[in-house]
Amino acid sequence: MADLYNSIDEIMEQARKAVGHRVSEFNVNNRPLSKNNKGVIGQVVEEGVFHYPINSNHEADFANLGVELKVTGLKKNKNKLTMKERLVLNIINYMDEATVDFEHSSFWLKNRLILLIFYLYEYERNDFDFRFLEAFLHEFAPKDLEIIKKDWEFIHNKITSGLAHTLSEADTLYLGAAPKGAGHGGDLREQPFSNIKAKQRAYSLKASYMNTVVDTLFNKEKLEAIFNYEELAIKTFEELVEERLRPYYGKSENELFSMFGVNENAKSKFNILVGKMLGIKGVINKTEEFKKAGIELKTVRVEEDGHIEQHMSFPYFKYEEIVNEEWETAEINEKLSSTKFMFVVFKRKAGIFYFNKIKFWNMPFEDIEKYVKPIFEETVRVIRKGDIVKYDTGSKYLTNFPGSSVNGVCHVRPHDQKSVRNMTKGLPLPTPDKVTGLTQYTKYCFWLDRDYIIEVIT
DNA sequence: GCATGATCATGC
DNA sequence: GCATGATCATGC
């Protein structure tokens, strides 16, 4: 490609010509809208805004200036703009990537400067009617880059250890290895140190990370940081968190609450407590690092005999939406594949809970495929067929949803304020229930079994 | 004791 | 008002 632009200023000036306009105004080659071409808006921008032909170069789009162009959608919910999805970067060639270091990686060579062009995604509109909102040159902050380097190293380690097939987006904090391409057994790629074919993946900037970029840009939000550059440069985020919390291991719950003046009745008491132990002013899930990485804190209370009382719940699913989902892009799959959890473990001794340890964890790719996928598929089947209720016991409805006896890892159970009998407003069903004739039902969600959680933390 | 459905309680 | 973390209740 001829170097059409000689400076970043020129590029930005050109980019800003699109802002406020609709995609259709730049469709100079009359590209058709197509479900099979998800990148069509990006192509229209390349041709119609920047006047260069589309390509699949390894180099950044504006190679002479090292700027990569990314066109991506934002959604508006409750007047707040958020990413429609993660920002997907280049595909990881496991064979090539294994041979380089970070400075020479395909990620760094292509994406160190990213020209982001945001458009407003509106479900009810034709894609070509979407309007461009903003053009912004993204450069990684030094602190973020330290975390991203370690993320890259983690991915690199899996490749050089012959474990590319176990990669998961939730393995890492800001830079992820996101699935790319349709599933169904296709899109498998060879890896250098194992005969097992690995799912094709691309580097991605996680939706959680990108949302903080969007927040800073559009909502002018500022977040409290836990660690500074010097700390992040020498240790991993997980090591730093562990280090700051370790002095409190072995202290009882009450001791900790009174030590830091935390109200024990507060619902977010553990969120507040962990924040205090880390030495920050606010709550943990509002900090820069936790928000960018999308880490979710979960407290786990281990009883004296080593079991835990509670299964772990996830947001409820909407019946009308879940029946239209494909496993590859299903909400529960995306959630488990991209979320890292921080377990704050308490152990009971002589009736009292003591702070035992923390553990960062994300559900392994193989477990998600082996245990969650069949539960998801059975759940969808049951809803589609109007087959939810098995029979009426007189006091409650027994269902055909896959329960906790199915595989010991994942199950489906109610999660609502109201039971089916007492509901005033349930969620609409796509198919009326055959046994009861109900057209709406109480909220259900996916759960991870407590025995599985126990296994994970020990 | 566990499976499974039902419900409470806090706080955004 | 409702999402979500936390628990309860019943029956096999």
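Labels below follow one simple rule: chain letters A, B, ... track the order of the sequence lines, proteins then strands, and each chain is numbered from 1.
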Exercise. For DNA chain B, whose closest nucleotide is more 5', that of S404(A) or that of N263(A)?
Worked result: S404(A)
Exercise. Taking atom C1' of dC2(C) as reference, at what distance in whole Å does atom NZ of K318(A) sit?
Worked result: 11 Å
Could you list all N or O pairs between the protein and nucleotides 10-12 of chain C that sit under 3.5 Å apart?
none

Seminar exercise, completed: Nearest heavy-atom contact between Y248(A) and R244(A) is CE1-O, 3.6 Å
Exercise. Does the ring center of W327(A) lie less than 6.0 Å from the ring center of F376(A)?
Worked result: yes
Would you list the protein and nucleotides 4-7 of chain C atom pairs, both N or O, that sit under 3.5 Å from each other?
residue, atom, partner, partner atom, Å
dT4(C), O2, K267(A), NZ, 2.8
dG5(C), N7, H415(A), NE2, 2.9
dA6(C), OP1, T299(A), OG1, 3.3
dT7(C), OP2, Q310(A), OE1, 2.8

Problem set entry | Identified side-chain hydrogen bond (donor to acceptor under 3.5 Å, both in side chains) counterpart of K292(A) within the set T212(A), T287(A), D144(A), N211(A) | D144(A)
Seminar exercise, completed: Taken to the nearest whole Å, NZ/K418(A) to P/dG1(C) is 12 Å
Exercise. In chain order, what residues pass the salt bridge (Lys or Arg N to Asp or Glu O under 4.0 Å) check against E122(A), with sequence neighbours excluded?
Worked result: R125(A)
Exercise. Which pairs count as side chain to side chain donor-acceptor pair (under 3.5 Å) when at least one residue sits in residues 397-411 of chain A, sequence neighbours excluded?
Worked result: H411(A)-R413(A), H411(A)-D449(A)
For this session: Flag yes if more than 12 heavy atoms outside K269(A) fall under 6.0 Å of its NZ atom; otherwise flag no.
Result: yes
Problem set entry | Selection: residues 331-358 of chain A, any non-hydrogen atom under 4.0 Å of DNA chain C | none
For this session: Could you tell me whether F346(A) and Y354(A) have their ring centroids closer than 6.0 angstrom?
Result: no
Exercise. Is T399(A) touching bases, backbone alone, or none of the nucleic acid, heavy atoms closer than 4.0 Å?
Worked result: sugar-phosphate
Problem set entry | Toward the 5' end of DNA chain B, by each residue's nearest nucleotide, H307(A) or V412(A) | H307(A)
For this session: Answer yes or no: is there a donor N or O on one side and an acceptor on the other, between the side chain of K347(A) and the main chain of G306(A), under 3.5 Å?
Result: no
For this session: Identify the two heavy atoms, one from K110(A) and one from E68(A), that lie closest to each other, and give their separation to 0.1 Å.
Result: O-CB, 3.2 Å
Problem set entry | Residues, nucleotides or ligands: over 12 heavy atoms within 6.0 Å of K235(A) NZ | no
For this session: Please list, chain by chain and in numerical order, all residues satisfying side-chain contact (heavy atoms from CB on, under 4.5 Å) with P402(A), sequence neighbours excluded.
Result: I375(A), E378(A), T379(A), V406(A), V412(A)
